[in-house]
Amino acid sequence: MTANLRSNPPAGSVATRGVTPFEGDVVIRSRRAESDGVVSLELVLPTRELLPAWRPGAHIDVVLPNGLTRQYSLCGSVEDRESWRIGVLREPGGRGVSQWIHDHAGEGTRLRVRGPRNNFPLLPARRYLFLGGGIGITPLLPMVAEADASGADWVLHYGGRTRSSMAFLDELARHGDRVVITPQDEAGMLDLAAVLDRPDESTVVYCCGPSGLIDAVELYCRSWPPGALHVERFVANQAAAGAENQPVEVELAATGLTVTVPPECSVLEAVEKAGVRVASSCTEGICGSCETPVLEGEPEHRDSVLTDEERADGDIMMICVSRARGGRLVLDL
């Protein structure tokens, strides 16, 4: 990844990475078609008690009755403690979670959820440049609302295949010309060269969407100040996923076990086979739930969560995808 420059959330913030304050059942209070292929679900507790607080950029895990799990960004109002809203794109080539939701989840359906966690926090800034592609608009919705409420200068560029496929357009319309809508069949691709041609020390850039969009934005932002770009990926980093695996020896300091991780196995899988339970969800290095402290050794980071600074420090790693340089690690497990 060329410009993974997200920063950690401020101290005291809620829904931080690796923290799962809630796990339990919720009920779908309402379901709404937001565009061709996208539905939003409003989730509440069966008891109608308040849900955990969260900040823009947070996501939850949705767990189906068959155990399949998928992460969805919270895209409602942070002020609404009675309900959480998520947007779900039907993905025929996915794991099957989105198809099940589209085909079977309606008002009154119970779902198991975990979270919220936040790998993509909105940091204070004088000016924001938001770039969203397709379903990547979902984490940006509460960010836009917070930026607007704070009085900051901001603009959102939102691209999609067609206008009818772009969700939440009615909701965004109230912001007027601060939101630039670019349907590809009408106006072509987002003009990133024009949008990102002038690095600005007072501006932070938030981007979420398809891998192609994020890769291009990272390339254009190489000339921007360090820490200016913040991205969130919905799919694993393909370059990292294709890296060659070497055997790894992992010592689990808390249990006294030493586990050999063969090339065909992840550290997470090997640790779990040894009988040590670790919180995990996506198994693709994008959700942050398996974050593990590293006591000795140098991690070979392959996730899409950690910042460049965190990678350089080397004291945490996502064990679902990352491995070791030098062949040995001591983990706080």
Side-chain angles (χ1 to χ4, degrees), residues 1-9 11 13 15-23 59-61 63 67-71 95 114-121 231-233 235-333:
M1 189 178 298
T2 57
N4 183 12
L5 302 173
R6 292 184 302 274
S7 300
N8 287 332
S13 64
T16 54
R17 186 179 69 231
V19 175
T20 305
F22 173 80
E23 179 172 356
H59 69 265
I60 60 173
D61 300 337
V63 185
L68 287 175
T69 304
R70 180 69 188 267
Q71 292 72 47
R95 296 182 180 180
R114 295 192 296 253
R117 292 190 302 271
N118 201 334
N119 308 327
F120 194 39
V231 306
E232 182 169 62
R233 293 179 181 270
V235 296
N237 186 326
Q238 294 304 307
E244 182 179 354
N245 291 340
Q246 298 297 329
V248 178
E249 184 178 88
V250 177
E251 180 181 336
L252 311 181
T255 58
L257 294 174
T258 297
V259 177
T260 299
V261 184
E264 69 275 9
C265 188
S266 71
V267 174
L268 173 64
E269 290 170 332
V271 167
E272 290 185 330
K273 287 179 182 178
V276 179
R277 290 197 62 188
V278 180
S280 65
S281 180
C282 72
T283 69
E284 295 181 327
I286 58 176
C287 77
S289 61
C290 68
E291 177 182 310
T292 301
V294 178
L295 303 180
E296 294 180 26
E298 182 183 358
E300 180 185 316
H301 297 291
R302 300 182 184 179
D303 65 276
S304 300
V305 176
L306 296 177
T307 66
D308 288 342
E309 292 79 7
E310 290 170 321
R311 293 167 188 267
D313 289 342
D315 54 9
I316 54 175
M317 65 183 289
M318 304 302 159
I319 63 172
C320 66
V321 291
S322 298
R323 298 182 76 83
R325 300 185 189 280
R328 184 177 183 275
L329 292 169
V330 180
L331 303 179
D332 190 12
L333 290 173

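As a basis for the values below, the full set of heavy atoms in this structure was taken, side chains included, without hydrogen atoms, waters or symmetry mates.
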Whether [X] side chain and [Y] backbone form a donor-acceptor pair below 3.5 Å:
| X | Y | answer |
| --- | --- | --- |
| Asp332 | Ala254 | no |
| Thr255 | Ala253 | no |
| Thr260 | Thr258 | no |
| Arg323 | Gln246 | yes |

Which pair of non-hydrogen atoms, one from [X] and one from [Y], has the smallest distance, and what is that distance?
| X | Y | answer |
| --- | --- | --- |
| Leu329 | Ala324 | CG-CB, 3.5 Å |
| Gln71 | Cys282 | OE1-CB, 3.3 Å |
| Leu306 | Met317 | CD1-CA, 4.4 Å |
| His301 | Ser322 | CA-OG, 3.4 Å |
| Val261 | Ala270 | CG2-CB, 3.7 Å |
| Val321 | Arg302 | O-CD, 3.5 Å |

Side-chain contact test, heavy atoms from C-beta onward, threshold under 4.5 Å: evaluate it for [X] versus [Y] and give yes or no.
| X | Y | result |
| --- | --- | --- |
| Glu23 | Val63 | no |
| Val276 | Val259 | no |
| Lys273 | Cys265 | yes |
| Ile286 | Asp303 | no |

Does the side chain to side chain contact (heavy atoms under 4.5 Å, CB included) test come out yes or no for Leu295 and Glu251, once each step is laid out?
-> CA-CA 10 Å; Leu295 303 180; Glu251 180 181 336; over 6 Å; no
Hey, could you give me the [atom1]/[atom2] distance between [X] and [Y], rounded to the nearest 0.5 Å?
| X | Y | atom1 | atom2 | value |
| --- | --- | --- | --- | --- |
| Glu284 | Arg233 | CD | CZ | 12.5 Å |
| Arg70 | Asp61 | CZ | CG | 11.0 Å |
| His59 | Cys287 | NE2 | SG | 5.5 Å |
| Glu291 | Ile316 | CD | CD1 | 4.0 Å |

Exactly one of Val294, Ile319, Asp315 clears side chain to side chain contact (heavy atoms under 4.5 Å, CB included) with Pro299, and that residue is Val294
Between Arg328 and Glu249, does any NZ, NE, NH1 or NH2 come within less than 4.0 Å of an OD or OE carboxylate oxygen? yes
